[in-house]
Amino acid sequence: MIIKPSIKQFQKVIWGYHAEHRRSLPWRRTRDPYKILVSEMMLQQTQVGRVLEKYRSFLKKFPSIKILATAPLQEVLLEWQGLGYNRRALYLKKTAKTVANDHNGKFPQTQEELLKLPGIGQSTAGALLAFAYNLPAIFVETNIRSVFLHFFFKDISSVPDTMIRELVEKTFDYSNPREWYYALYDYGTMLKKSVDANTRSVHRKSKHYKKQSKFIGSNRELRSRIIKHILSSSKAQSTEQIIKKVLGDSEAITSNLKSMRKEGLLKHVTQGWKTA
């Protein structure tokens, strides 16, 4: 029989690890919700090492929410190159525009209002409330999920986030939400680097786990190459030019161009395709 830790035992372990292994990251040294949002959007499905350099250069190019809101999408996507999942950059710009125009440049401070912003889900909204304002927002993200699966579900698989969320709330340290989440993040990151294969892959116990497909040869790679080619030219590119340069299945390229137009990444003008 596996004995689960008590709330106090759990908190003691997490705080103890954090005291010795707290990571110093640039987005932890700010309370600006805009800068925190940039980091959260970049960190989705992207390793910290890759984000560090891009985070600094992105904020140098777009230092405030108002500057990002008025920047051409092409410039935003150019700066985003290397991070992948270009829709995140689009959502980030759309959110900046919404906050600048509809909220006088100030982020809402309730989860309900934050969830209305483009591309912001429960984990990003919770992170903004906790890290920018130190508010006790309850949310679940990748690292948090791994921590609770490791401590409380050693003999259970296909665990839904509803069960994890209940434990996040029960074990929550309301005295310092911001630092508590940092501690959970750091412990979760450690688990993913564990030499123990079972510990390292604990996230697979989640009901919501989906193995990420290989990038090479995937539709994600094709989309990336299409965007990269369009961004490399100052002129609009015809469908035929894109097919010739991108070197992929013509039907797949045409289908992706249409879907990216629908998403708002691209637009089609008389001369061809360009960023929206």
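Inter-residue side-chain proximity for V13 and Y187 is flagged as met; some heavy-atom pair is nearer than 4.5 Å. K267 is listed as a side-chain neighbour of K274, based on a closest heavy-atom distance under 4.5 Å. Proximity of R178 to N176: side-chain heavy atoms (C-beta onward) are separated by under 4.5 Å at one or more points. A heavy-atom distance below 4.5 Å is not found between the side chains of L135 and Q111. No side-chain heavy atom of S39 sits less than 4.5 Å from a side-chain heavy atom of V51. Between L129 and T110, the closest side-chain pair of non-hydrogen atoms is not below 4.5 Å. At a threshold of 4.5 Å between non-hydrogen side-chain atoms, the residues E75 and P72 count as touching.
Checked by atom type and distance alone, the side chain of Q241 never pairs as donor or acceptor with a backbone atom of Q237 at under 3.5 Å. Remark: the backbone N or O of W27 is not paired with any side-chain donor or acceptor of T30 at under 3.5 angstrom. Under the 3.5 Å distance criterion, the side-chain polar atoms of R225 are matched with a main-chain donor or acceptor of V246. Using a distance-only test at 3.5 Å, with no hydrogens or angles considered, a donor-acceptor pair links the side chain of T254 to the main chain of S250. Listed for the K54 side chain is no donor-acceptor partner under 3.5 Å among the backbone atoms of W80. Using a distance-only test at 3.5 Å, with no hydrogens or angles considered, no donor-acceptor pair links the side chain of S233 to the main chain of I230. Under the 3.5 Å distance criterion, the side-chain polar atoms of S201 are left unmatched by any main-chain donor or acceptor of R204. Side-chain atoms of W180 never come within 3.5 Å of backbone atoms of L184 as a donor-acceptor pair (strictly under, hydrogens ignored). Of the possible donor and acceptor atoms, one in the side chain of S259 sits under 3.5 Å from a partner among the backbone N and O of N256. For S224 (side chain) and R220 (main-chain N/O), no donor-acceptor pair under 3.5 Å exists by modelled atom type.
With sequence neighbours left out, H21 forms a ring pair (Phe, Tyr, Trp, His ring centres under 6.0 Å) with Y17. Residues satisfying the ring pair (Phe, Tyr, Trp, His ring centres under 6.0 Å) test with F107, not counting sequence neighbours, are none. A search for side chain to side chain contact (heavy atoms under 4.5 Å, CB included) contacts involving S123 returns F139, E141, not counting sequence neighbours. Take E53 and apply the side chain to side chain contact (heavy atoms under 4.5 Å, CB included) test, not counting sequence neighbours, and it matches no residue. Considering only residues two or more places apart in sequence or on other chains, R88 meets the salt bridge (Lys or Arg N to Asp or Glu O under 4.0 Å) condition with none of them. With sequence neighbours left out, K228 forms a salt bridge (Lys or Arg N to Asp or Glu O under 4.0 Å) with no residue at all. Listed by chain and number, the residues in a ring pair (Phe, Tyr, Trp, His ring centres under 6.0 Å) with F148 are F10, F152 (sequence neighbours excluded).
Pairs engaging residues 99-127 under the salt bridge (Lys or Arg N to Asp or Glu O under 4.0 Å) rule: E113-K116 [sequence neighbours left out]. Annotation: ring-ring contact (aromatic ring centres under 6.0 Å, His included) contacts involving residues 198-236, sequence neighbours excluded, comprise H203-Y209. Contacts classified as salt bridge (Lys or Arg N to Asp or Glu O under 4.0 Å) and involving residues 23-45 (residues at least two apart or in different chains) are given here: R23-D186, R28-D186. For residues 251-276, the pairs satisfying ring-ring contact (aromatic ring centres under 6.0 Å, His included) are H268-W273, with sequence neighbours left out.
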Inset, instruction - Check the pair L25 / Y182 against side-chain contact (heavy atoms from CB on, under 4.5 Å), numbers first and verdict last. - result: CA-CA 10 Å; L25 299 167; Y182 287 160; over 6 Å; no
Inset, instruction - Decide yes or no on ring pair (Phe, Tyr, Trp, His ring centres under 6.0 Å) for Y91 and Y85, but give the supporting numbers first. - result: CA-CA 11 Å; Y91 289 143; Y85 297 97; over 10 Å; no
Inset, instruction - Evaluate the criterion side-chain contact (heavy atoms from CB on, under 4.5 Å) for residue pair K205 and S158; output intermediate values, then yes/no. - result: CA-CA 5 Å; K205 289 179 175 287; S158 195; over 6 Å; no
Inset, instruction - Given side-chain contact (heavy atoms from CB on, under 4.5 Å), test L257 with I253 step by step and report yes or no. - result: CA-CA 6 Å; L257 288 170; I253 291 173; 4.1 Å; yes
Legend entry - Residues I120, L37; criterion side-chain contact (heavy atoms from CB on, under 4.5 Å); working and verdict: CA-CA 9 Å; I120 292 187; L37 177 62; 4.1 Å; yes
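How far CG of L117 is from OG1 of T98: 6.0 Å, rounded to the nearest 0.5 Å. Remark: E79 CD to L59 CG distance equals 9.5 Å, nearest 0.5 Å. If you take CG on N143 and CE on M190, they are separated by 11.0 Å, rounding to the nearest 0.5 Å.
Summarising the geometry of K60 relative to P63, their closest heavy-atom pair is O-CD, 3.9 Å, with the distance given to 0.1 Å. Of all non-hydrogen atoms in A69 and A100, the two that sit nearest each other are CB-CB, 3.9 Å. In terms of heavy atoms, P108 sits closest to H103 at CG-CE1, 3.8 Å. Contact detail for S146 and V202: the closest heavy-atom pair is O-CG1, 3.7 Å. The nearest pair of heavy atoms linking A137 to Y181 is O-OH, 2.5 Å. Minimum heavy-atom separation, L73 to G264: CD2-O, 3.7 Å.
Here F131 and Y185 bring their ring centres to under 6.0 angstrom of each other.
The only option from I227, N86, T275 that meets the side chain to side chain contact (heavy atoms under 4.5 Å, CB included) definition with M260 turns out to be I227.
Looking at S194 and D196, their side chains never bring a donor and an acceptor atom within 3.5 Å of each other.
In K192, the NZ atom is crowded: over 12 heavy atoms of neighbouring residues, nucleotides or ligands sit closer than 6.0 Å.
Of the charged side-chain nitrogens involved, at least one lies within less than 4.0 Å of a carboxylate oxygen, so that E179 and R22 count as a salt-bridged pair.
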May I have the list of side-chain donor-acceptor pairs in residues 159-172 shorter than 3.5 Å, sequence neighbours left out?
unit_1, atom_1, unit_2, atom_2, d
D161, OD1, R145, NE, 2.9
D161, OD2, R145, NH2, 2.8
R165, NH1, I138, O, 2.9
R165, NH2, I138, O, 3.2
T171, OG1, L167, O, 2.7

